[in-house]
Amino acid sequence: MGWMIGRTAALSNPEGARRKAIEKLRSLAELEDPESVVVPILLDALLMVESYRGARHQISFLAELTESVDALLREVTIVEKSKEWAKG
């Protein structure tokens, strides 16, 4: 997924990274059931934050959060590609 924001970009220009992510996520409104994709990611993110608060260990469910984010991005990309193909 070529739009991904790398660690360096996120750390050096967090505002630009946020704008890039928001632009990509605008297609969420066009998904059939965006809440079913977004809510689990938000819950995982909350748990990640809480588990890292004051801790110096790896998050055991980081792989699941990554999978959730990847699934969300796949769905958004499908919507975007469908729109491109429809235009012709």
Side-chain angles (χ1 to χ4, degrees):
M1 292 177 232
W3 81 279
M4 295 296 294
I5 300 162
R7 182 176 189 270
T8 303
L11 291 174
S12 66
N13 184 3
E15 191 57 37
R18 284 185 188 96
R19 282 192 305 272
K20 190 175 184 182
I22 290 294
E23 185 59 37
K24 180 71 172 179
L25 296 176
R26 290 190 194 283
S27 296
L28 281 174
E30 298 179 37
L31 295 179
E32 186 173 321
D33 185 13
E35 291 85 4
S36 71
V37 179
V38 175
V39 171
I41 293 169
L42 292 175
L43 292 173
D44 287 344
L46 289 169
L47 292 173
M48 182 174 69
V49 167
E50 290 303 320
S51 68
Y52 252 121
R53 200 179 302 279
R56 292 185 179 173
H57 55 79
Q58 289 292 319
I59 300 170
S60 60
F61 52 87
L62 189 56
E64 288 85 0
L65 180 58
T66 301
E67 289 173 15
S68 298
V69 170
D70 288 345
L72 169 68
L73 295 175
R74 277 192 301 275
E75 292 293 325
V76 170
T77 300
I78 289 169
V79 169
E80 290 175 347
K81 294 290 182 188
S82 297
K83 288 171 78 175
E84 287 176 19
W85 292 334
K87 288 181 183 177

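Because only heavy atoms are used, hydrogens play no part in the values below, and waters and symmetry mates are left out as well, while side chains stay in.
Not counting sequence neighbours, the partners of Leu28 by the side-chain contact (heavy atoms from CB on, under 4.5 Å) test are Leu25, Leu31, Val38, Leu72, Val76. Glu32 meets the salt bridge (charged side-chain N to carboxylate O under 4.0 Å, His left out) test with no other residue; sequence neighbours excluded. For Ser36, the side chain to side chain donor-acceptor pair (under 3.5 Å) criterion is met by Asp33, not counting sequence neighbours. For Glu35, the salt bridge (charged side-chain N to carboxylate O under 4.0 Å, His left out) criterion is met by no residue, not counting sequence neighbours. In this structure, Lys87 has no side-chain contact (heavy atoms from CB on, under 4.5 Å) partners at least two apart in sequence or on a different chain. Residues satisfying the side chain to side chain donor-acceptor pair (under 3.5 Å) criterion with Arg19, sequence neighbours excluded, are absent altogether.
Scanning all heavy atoms of the two residues, the minimum distance from Ala17 to Ala9 falls at CB-O, 4.4 Å. Residues Gly16 and Asn13 come closest through the heavy atom pair N-OD1, 2.9 Å.
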Subject >> salt bridge (charged side-chain N to carboxylate O under 4.0 Å, His left out) assessment of Arg18 paired with Glu15 >> reply: CA-CA 5 Å; Arg18 284 185 188 96; Glu15 191 57 37; 3.8 Å; yes

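Leu43 belongs to a hydrophobic cluster with Val39, counting contacts under 4.5 Å between side-chain heavy atoms of Ile, Leu, Val, Met, Phe, Trp and Tyr, direct or through other members.
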